[in-house]
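Below you'll find the structure, written out as structure tokens, and then a few comments.
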Amino acid sequence: MLNVSHVTKKYGKTLACRDVSFHLDPGSVTVLLGPNGAGKSTIMKSIIGFLRYEGEILVAGLPNKSVEARRILGFVPEIPALYPNLTVYEHMEFLARAYKLKDYKDRLHELLTRFELEDKNKKFGDELSKGMQQKLNLCLGLLPEPEMLMMDEPMIGLDPHAIKELKKLIEEMRSKRRTMLISTHIIDSVDMLWDRALIMQEGEIRANVSRDELAASGKSLEELFFEVTENLTAEDMTHSGENEA
Ligand code: ADP
């Protein structure tokens, strides 16, 4: 569904992604883990076509910046880009028209209800709290039901109800065979959701494992994460826990 080959991105002298390659199977959920500054947002922005980079990115075999690929790809950015003078409802309508969606009204109201925004649908973008902005940001990404959806740190700023709804929506989209790439630096927030995990650090992919491969190794995702990013073994982690106690 997605093929990322040898992608390198520099911002001036900062090497944000170095020779990044991976692919996503259709209908799979992949989590992209890594500490702050690992390059997760940069690779996602490269895939969606916001940045220039070296290397090749294909979406269903199509160049990612082509019109056809853009129809397949959806993106929920980490920082919501809302219009101060459009209401919640108008944001959703605006997006539906931009994507030329048909028969979207039921889904529009369902999403606003599930994220507890329906009774706030007349509020303007600049009247929303940070959490409400984040929820509207998610509703906008989810409304078109793209074949492939990328979400950059989607759990940040959400209340427990919204996190529960988002996890349910991810499961629902998985059952409809949508492909998803979800970045996070909080490992606990994505447990249960993933088929494949990528761990990035300093602009490189340091681990790429399926759920079955990880289970066969006997490690938890957290253990693998610290082994890869801090050279810690499971034993080190147990001992550090003992020292803290
Ligand atoms: P992550 O999403 O994993 O936190 P980013 O992709 O945002 O990481 O950042 C990767 C690296 O690129 C960091 O060193 C960051 O400081 C740098 N970076 C990100 N965006 C820019 C930018 N617009 N200009 C310069 N450097 C940037």
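These numbers were taken from a predicted model, which means no experiment stands behind them. Order of listing sets the numbers, starting from 1, for every ligand and every atom in it.
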Interatomic distance, Arg196 atom CZ to Ser28 atom OG [nearest 0.5 angstrom]: 8.0 Å
At what distance is the nearest protein heavy atom to atom 8 (O) of ligand 1, and which residue and atom is it? Gly39 N, 3.1 Å
Protein residue, atom and distance nearest to atom 4 (O) of ligand 1, heavy-atom basis: Gly37 N, 2.7 Å
For the ring pair His109 and Tyr89, is the centre-to-centre distance below 6.0 Å? yes
What do we get for Pro35 next to ligand 1 when only non-hydrogen atoms under 4.0 Å count, side chain, backbone, both or neither? backbone
With side chains defined as the heavy atoms from C-beta onward, is the minimum distance between Leu143 and Leu111 less than 4.5 Å? yes
Contact list for residues 56-74, test side chain to side chain donor-acceptor pair (under 3.5 Å), sequence neighbours left out: Tyr53-Asn64
Distance under 6.0 Å and angle within 45° of the ring axis: does Lys9 meet both against Tyr11? yes
Numbering as shown, the atoms of ligand 1 that approach Asn36 to under 4.0 Å (heavy-atom distance): 4 (O)
Specify side chain, backbone, both or neither for Thr42, according to which of its non-hydrogen atoms lie closer than 4.0 Å to ligand 1. both
I'd like to check whether Ser41 has a polar contact with ligand 1, where a contact means an N/O of the residue lying under 3.5 Å from an N/O of the ligand. yes
Protein contact to atom 27 (C) of ligand 1 [nearest heavy atom, distance to 0.1 Å]: Tyr11 CD1, 3.2 Å
Consider every N or O of Lys40 and every N or O of ligand 1, then say whether any pair is closer than 3.5 Å. yes
What protein heavy atom lies closest to atom 14 (O) of ligand 1? Include the residue and the distance to one decimal. Thr14 CG2, 3.7 Å
Taking atom types as modelled, find out whether Glu145 and Tyr99 have a side-chain donor-acceptor pair closer than 3.5 angstrom. no
May I ask you to check whether Tyr83 and Phe94 place their ring centers less than 6.0 Å from one another? yes
Which atoms of ligand 1 sit under 4.0 Å from any heavy atom of Ala38? 1 (P), 3 (O), 8 (O)
With no hydrogens and no angle check, just 3.5 Å: does a side-chain donor-acceptor pair link Glu153 and His185? yes
Check this for me - ligand 1, Ala16, N or O atoms closer than 3.5 angstrom, yes or no? no
Does any donor atom in the side chain of His6 or Asp19 lie under 3.5 Å from an acceptor atom in the other side chain? yes
Determine whether any protein heavy atom is located less than 4.0 Å from atom 16 (O) of ligand 1. no
Would you say atom 19 (C) of ligand 1 makes contact with the protein, given that contact here means a non-hydrogen protein atom less than 4.0 Å away? yes
